[in-house]
Amino acid sequence: MLKRIDSCLCRDDKDEWVLIFLMTTKRIFFIIVMFLLPFILPSFTLNTVTAQAEKEPADNFQLQTYLTEEEALALVFPECDKIVTDELVMAAEEKNKLEKLLNRRFYEDGFKVYIGKKKDVIQGYAIITEEIGKFHPFTFIVGVKPNGKINNVAVLVYRESRGSEIVRKRFLYQFIGKSFKNPIRINKDIINITGATMSVQCMCAGVRKVLAVINEYYLSGKRKVSDFERVEGCTVVQAINRSQNIEDNNEDPPTSVFCKGLQGEFSSENVIMKVSLNFEQGEVVKVHSDKKGVPAEVKLLKQTRMIMGTFAEVSIYSNDEKTAGKAIDEALNEMERMDCIMSNYKDDSELSQLNKKAAKLPVACNKELLDVIEQSQYYSELSNGAFDVTISPLVALWGFFDEKGHVPSSKEIERLLPAVSYKNIVINKGGDPEKPVTVFFKNAQTQIDLGAIGKGYAVDKALEVIKKFSVDNACINLGGNIYVLGTPPGKNAWKIGVQHPRNKGEILGYLELKNEATATSGDYERFFEIGGKRYSHIIDPKTGMPVSGTISVTIVAPTGTEVDGLSTTVFVLGSERGLELIKKISGADALIAYEGKDGKIAITMTKGFHDKFKKINVEGEDNVKWHVVASDQ
């Protein structure tokens, strides 16, 4: 018995010594770590700061527009007969709740939510939002069904040369069917794209953000859809602005904040509506924190609105945020003013009033409206009628104005052809400078549609405004009609992507431009198909039929008006006659894509275009034939 007790006591003594040894070892290890920490931490911090301070490559910024807002909404709500919208503004506690739910910060204080309906039954929800990629934001839409599952995701605008693989359908298709219950993790739920990891991560985070908002406020029933503003048709127009706050701290720069205030009237191809939003400053896409006493570094300021039924975006690099922001705001205001003059969707526009009265009696014409009509007449004369702004009756006949495309009979077309002629427009300037210039239509059915030249003209007017602010660089983009002023800091040119005419979401290459304009006309912009045949909205004024054979035309020229007018002109003329016309115009160059005899896409470009164009490898390259035409050919 005593032996057993002694045995137990000895075992307890051993355990006590083991415990003392372990505690002593732990203390020694802790002392060593604390001693080495001052030497380890600076190295770790230096590596972290070095990683965070990675500089943007000189050739990185590249503006690529894939969808307008109307096209994106049509993609998400294909069968809707109306859309209602809700301006969701979150309280601070609501925002904090969502951030905790998502385990991330986001900087939107509110969202514009689109709710699609068919016969007053909700078909789905959608949000157009942005996420910062490597250096610049990309704009995308996420559509969600009433059951909470994604029905579509699409990229509207991408602004970098790297990572653009995320715009492709085969990548975005992975999100379809997923809901907020799915974590949407890279390499687990979503297959990563080598070389575009950051863009993939940001897209996953952005999709989760949209799902969280829709799930929290709409699927839960917190927001009553019946109380929201109704927008007729399936196209919604809204002025959009995002701004960024710049704080002198170590946190990542915020992406976007909704502001409130500006009022105006905007139009699209299907609807005219009044909207109200506020613009306090432009969007800062790339920022550096400014320290006290140190001059501000150059930043990219950007603002986007919906004008003439499409995206209008003005970008400026500047270290004077106030001046650049004012220049951007005034340039966009000027384009809106041009819309109020030239729109044929606004009943009270100068053009609409002219179209209503000019067949009955001479109508006094606004100076700027007269200017754009006279420039239209110039291109009509130059092309022997291939360009003609009186094409409006035929565009309406084919159903492109109301998006109800159909093939009219040959008799219907023949009946309207006499109304379609630029020679029907009679301009009377008279001899008295005190009296206004008048315009008269010789045919009672003649109507003017400035859609083939008006956006380019508006870009030129915006440029005039920007130059008054002594800004030395800018990119003005109105629905793909682009003018670039100067160059971005440290770069030789602006890079503008040229869309592949058949592979949506891909580009053929990019143009390197400085103090020039570019625009593209394509049969993929607006069309309908019947019996496997594609009918484009670009109509030949002489035959009354949609142009066939030509696929797309991209023009580079000194002004927005030129590239807008010439892209349509060359599209109608076709490759051979179009190139002959371009050779006669100083400073103009072209890329023309058309259907080859072997069924492949044939691309011909002038030598001047070739010198500014950087071709990239695209899928389906074997189906494209390239040809460069010298100026003397």
Side-chain angles (χ1 to χ4, degrees), residues 370-391 422-423 425 450-464 476-485 493-494 496 498 501 508-509 511-522 538 540-542 547 549-594 602-613 626-633:
L370 177 67
D371 185 25
V372 72
I373 290 174
E374 287 186 319
Q375 292 201 50
S376 300
Q377 297 288 74
Y378 166 76
Y379 290 108
S380 295
E381 293 283 355
L382 190 68
S383 63
N384 192 29
F387 180 89
D388 200 322
V389 293
T390 65
I391 198 72
Y422 68 96
K423 295 180 181 179
I425 303 173
L450 296 174
I453 197 170
K455 291 183 180 69
Y457 185 83
V459 166
D460 289 339
K461 298 295 289 186
L463 177 64
E464 291 177 10
I476 307 169
N477 179 8
L478 180 55
N481 291 269
I482 299 170
Y483 185 93
V484 290
L485 173 67
W494 293 85
I496 311 296
V498 178
L508 294 169
L511 287 160
E512 294 184 336
L513 302 180
K514 174 183 177 180
N515 298 322
E516 289 176 293
T518 185
T520 298
S521 291
I538 302 176
D540 187 333
K542 294 185 177 181
V547 176
T550 309
I551 298 173
S552 71
V553 174
T554 301
I555 302 290
V556 174
T559 71
T561 305
E562 286 180 276
V563 295
D564 201 4
L566 285 173
S567 63
T568 303
T569 302
V570 174
F571 192 99
V572 175
L573 288 173
S575 176
E576 188 174 333
R577 290 192 298 155
L579 284 172
E580 288 300 317
L581 177 66
I582 290 296
K583 291 175 188 177
K584 299 175 184 177
I585 303 172
S586 176
D589 286 291
L591 177 149
I592 306 172
Y594 55 97
I603 296 179
T604 300
M605 69 181 87
T606 61
K607 178 64 167 56
F609 194 102
H610 177 265
D611 293 342
K612 301 169 185 176
F613 181 70
W626 297 80
H627 179 55
V628 179
V629 178
S631 56
D632 57 349
Q633 283 186 279

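Worth saying up front: this structure is predicted, and the values here are computed from it rather than measured.
For the atom pair Leu591 CG and Leu511 CG, the distance stands at 8.0 Å (nearest 0.5 Å). With rounding to the nearest 0.5 angstrom, the CD1 atom of Ile476 is 8.0 Å from the OH atom of Tyr483. Within the model, atoms OH of Tyr422 and CD1 of Ile391 stand 13.5 Å from one another, a figure rounded to the nearest 0.5 Å. Taking NZ of Lys423 as the reference point, atom CD of Gln377 lies at 10.5 Å (rounded to 0.5 Å). To the nearest 0.5 Å, atoms CG (Leu566) and CG (Leu382) are separated by 7.5 Å. Remark: Thr518 OG1 to Asp564 CG distance equals 11.0 Å, nearest 0.5 Å.
A donor-acceptor pair is defined here as one N or O able to donate and one able to accept, closer than 3.5 Å; no such pair exists between the side chain of Asn481 and the backbone of Ala519. Not a single donor-acceptor pair under 3.5 Å links the side chain of Thr604 to the backbone N or O of Ile592. In this structure a side-chain-to-backbone donor-acceptor pair under 3.5 Å is missing from Ser380 to Gly385.
With respect to Thr561, the side chain to side chain contact (heavy atoms under 4.5 Å, CB included) criterion is satisfied by exactly one of Val459, Val372, Asp460: Asp460.
Leu508 is listed as a side-chain neighbour of Phe613, based on a closest heavy-atom distance under 4.5 Å. Side-chain contact between Ile555 and Ile582: present, with at least one pair of heavy atoms (C-beta onward) separated by less than 4.5 Å. Using a 4.5 Å heavy-atom cutoff, the side chains of Tyr457 and Leu450 are not in contact. At least one side-chain heavy atom of Val572 sits under 4.5 Å from a side-chain heavy atom of Pro541. Contact annotation: the side chain of Met605 never approaches that of Asp589 to less than 4.5 Å [non-hydrogen atoms, C-beta and beyond]. Between Val389 and Ile373 the shortest side-chain heavy-atom distance does not fall below 4.5 Å.
For the pair Arg577 and Glu580, the salt-bridge criterion is not met [side-chain N within less than 4.0 Å of a carboxylate O].
Heavy-atom minimum distance, Ile603 versus Ala593: CG1-CB, 4.0 Å. Trp494 and Leu485 get closest at one heavy-atom pair: NE1-O, 3.3 Å. Nearest approach of Leu573 to Ala386, heavy atoms of both residues: CD2-CB, 3.6 Å. For the pair Leu478 and Lys455, the tightest heavy-atom approach, listed with the atom from each and the gap, is CD2-O, 3.7 Å. The minimum heavy-atom distance linking Ser521 with Ile538 is given by the pair CB-CD1, 4.0 Å. Shown here for Thr569 and Ser383, the closest heavy-atom pair between the two residues is CG2-CB, 3.4 Å.
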